[in-house]
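Here, residue 1 is the first one in the sequence, and each next residue gets the next number.
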Amino acid sequence: MSGGFTAVIIILVLIIAILVLSLYVVPQQQAYIIERFGKLHKVQFAGIHIKIPVVDRIAMKTNMRVNQLNVKLETKTLDNVFVTVVASTQFRVNPENVATAYYELRDPAGQLRSYMEDALRSAIPSLSLDDAFARKDDVAADVQKTVGIEMARFGFTVVKTLITAIDPSGQVKTAMDSINAAQREKEATRQRAEAQRIQIETQAAAEAEKTRLQGEGQANYRREIANGIVDQIKSLQAVGMDISEVNNVVLFNQYLDVLRSLSESNNAKTLVLPASTPSGYKDMYSQVTEAMLTAGASAKPTE
């Protein structure tokens, strides 16, 4: 009895061992390459699978996720400026060519690096330094296309290629900064000169307009005074006063206006008047009578 029970246990253990060796689970985003007697049998993706123990073996566990490779190299541009180019490329195994990627290429990252460096050394020297900066995306697209065609033969897909940096030497950077600073200073000087010219023209126009308006105002002021005097002379003559009396009245009124203006002026601190105002007025009358008569005659309307 005990011997038969032992045999059953042994058989069960063997069955469990065979199941353990036969069953395997492929995780998500991975692919297992199964070989039978050393020859490719099949490629299994995520899930639970069965293989024949001893006969079948898992030759390779391939990661299907996207990998990134960074490439840094020194090259020169069309205008003989040495630059350090940093590029990044994302690549992955093509699910339809897992076996090709495993059997055809031993070092995918190394091979991809060589293709990247060769493509960059062919693209950058055909561009000047300014064009290399301006057309960075175009260079990346050309490199991706070239490298993608080569890597596709080995079962890999190039997802994206980026030129992350183009760094010239420190001396070149300093020279470029000096050129940019000089150009900006030149433009700033031009703008300041233009602003100063506009300011001078505007100020000159404003001064000319101010002078013109002052002249017009002064002329209008004097014209109104003359018209007022003429009207005053006519009014006095209309009431029967002769010309000498009219002139005396007008001059006396002007005299009083001048005194009033002087007294109201902020600049007049002390005002000295003649001891006899009428006498002072008579002295002044002899000097201006002739001018007033001339002004009155010229202002009198022609009948």
Trainee: Please give the remaining members of the hydrophobic cluster of V26, linking ILVMFWY side chains under 4.5 Å, ordered by chain and number.
Mentor: Y24, Y32, I34, I58
Trainee: Within the structure provided, determine whether F133 and P168 are in side-chain contact (heavy-atom separation under 4.5 Å).
Mentor: yes
Trainee: Is V81 reachable from V86 through a run of I, L, V, M, F, W or Y residues, each pair having side-chain heavy atoms under 4.5 Å apart?
Mentor: no
Trainee: Could you check whether any side-chain N or O of S126 sits under 3.5 Å from a backbone N or O of A123, counting only pairs where one atom can act as donor and the other as acceptor?
Mentor: yes
Trainee: Below 4.5 Å, heavy atoms only, C-beta onward: do L127 and T77 meet side chain to side chain?
Mentor: no
Trainee: Could you grab the distance from atom NZ of K72 to atom CG of L120, nearest 0.5 Å is fine?
Mentor: 14.0 Å
Trainee: Let's go through F91 and L69 carefully: what are the C-alpha distance in whole Å and the side-chain angles of both, what is the deciding distance for side-chain contact (heavy atoms from CB on, under 4.5 Å) to 0.1 Å, and is it a yes or a no?
Mentor: CA-CA 8 Å; F91 67 101; L69 176 68; 4.0 Å; yes
Trainee: Assess whether a salt bridge exists between R184 and E187, defined as any Lys/Arg side-chain N lying under 4.0 Å from an Asp/Glu carboxylate O.
Mentor: no
Trainee: Give a yes or no on this: more than 12 heavy atoms of other residues, nucleotides or ligands lie within 6.0 Å of atom CD of Q214.
Mentor: yes
Trainee: Salt-bridge test for R212 and E216: reply yes if a basic N is under 4.0 Å from a carboxylate O, no otherwise.
Mentor: yes
Trainee: Between E194 and R190, is there a salt bridge with N-O shorter than 4.0 Å?
Mentor: no
Trainee: Do N70 and Q68 pass the side-chain hydrogen bond (donor to acceptor under 3.5 Å, both in side chains) test, and can you show the C-alpha distance, the side-chain angles, and the key distance before you say yes or no?
Mentor: CA-CA 7 Å; N70 297 322; Q68 178 168 305; 3.2 Å; yes
Trainee: Count the heavy atoms of every other residue, nucleotide or ligand shown that sit under 6.0 Å from CZ of R197, and state whether that count exceeds 12.
Mentor: yes
Trainee: Give me the atom names and distance for the closest heavy-atom approach of F45 to P95.
Mentor: CZ-O, 3.4 Å
Trainee: Assigning hydrophobic clusters by single linkage (Ile, Leu, Val, Met, Phe, Trp, Tyr; side-chain heavy-atom cutoff under 4.5 Å), is L40 placed with V98?
Mentor: yes
Trainee: Rounded to the nearest 0.5 Å, how far apart are CZ of R121 and CD of E74?
Mentor: 9.0 Å
Trainee: Do R92 and V158 have side chains that get closer than 4.5 Å, going by heavy atoms?
Mentor: no
Trainee: Does a side-chain heavy-atom distance below 4.5 Å link V71 with T89?
Mentor: no
Trainee: Got I166 and T84 here, is their nearest side-chain heavy-atom distance under 4.5 Å?
Mentor: no
Trainee: Taking side chain to side chain contact (heavy atoms under 4.5 Å, CB included) as the criterion, tell me which of L112, L105, N94 meets it with F156.
Mentor: L105
Trainee: In Å, rounded to the nearest 0.5 Å, how long is the span from CD of Q28 to CE of M64?
Mentor: 10.5 Å
Trainee: Under 4.5 Å between side-chain heavy atoms, hopping through other hydrophobics if needed: is there a path connecting M116 to L162?
Mentor: no
Trainee: Report yes if some heavy atom in the side chain of V93 is under 4.5 Å from a heavy atom in the side chain of N97; otherwise report no.
Mentor: no
Trainee: With a 3.5 Å distance limit and no angle check, can you tell me whether D167 reaches the backbone of V83 through a side-chain donor-acceptor pair?
Mentor: no
Trainee: Can a donor-acceptor pair be found between the side chains of H49 and Q44 at a distance below 3.5 Å?
Mentor: yes
Trainee: Under 4.5 Å between side-chain heavy atoms, hopping through other hydrophobics if needed: is there a path connecting V139 to L73?
Mentor: yes
Trainee: Report the distance from atom CG of N80 to atom CG of L129, rounding to the nearest 0.5 Å.
Mentor: 11.5 Å
Trainee: Under 4.5 Å between any side-chain heavy atoms of L78 and P125, yes or no?
Mentor: no
Trainee: Looking at H41, is its backbone amide N or carbonyl O close enough to the side chain of E35 to form a donor-acceptor pair, meaning the two atoms are under 3.5 Å apart?
Mentor: no
Trainee: Linking Ile, Leu, Val, Met, Phe, Trp and Tyr through side-chain heavy atoms less than 4.5 Å apart, which residues share a cluster with I52?
Mentor: F37, V55
Trainee: Find out whether Y103 and I33 are in side-chain contact, i.e. whether some heavy atom of one side chain is under 4.5 Å from a heavy atom of the other.
Mentor: yes
Trainee: Determine yes or no for a side-chain-to-main-chain donor-acceptor pair under 3.5 angstrom, with T161 supplying the side chain and A140 the backbone.
Mentor: no
Trainee: Quick one: pull up CD1 in I198 and CD in Q203 and give me the separation to the nearest 0.5 Å.
Mentor: 14.0 Å
Trainee: State the NZ-CD distance between K186 and Q183, to the nearest 0.5 angstrom.
Mentor: 8.0 Å
Trainee: Taking all non-hydrogen atoms of both residues into account, name the closest pair between G155 and A101 and its distance.
Mentor: O-CB, 4.1 Å
Trainee: Scan side-chain atoms only and decide if S128 and D130 contain a donor-acceptor pair under the 3.5 Å cut-off.
Mentor: no
Trainee: Any carboxylate oxygen within less than 4.0 angstrom of a Lys/Arg side-chain nitrogen, looking at R192 and E185?
Mentor: yes
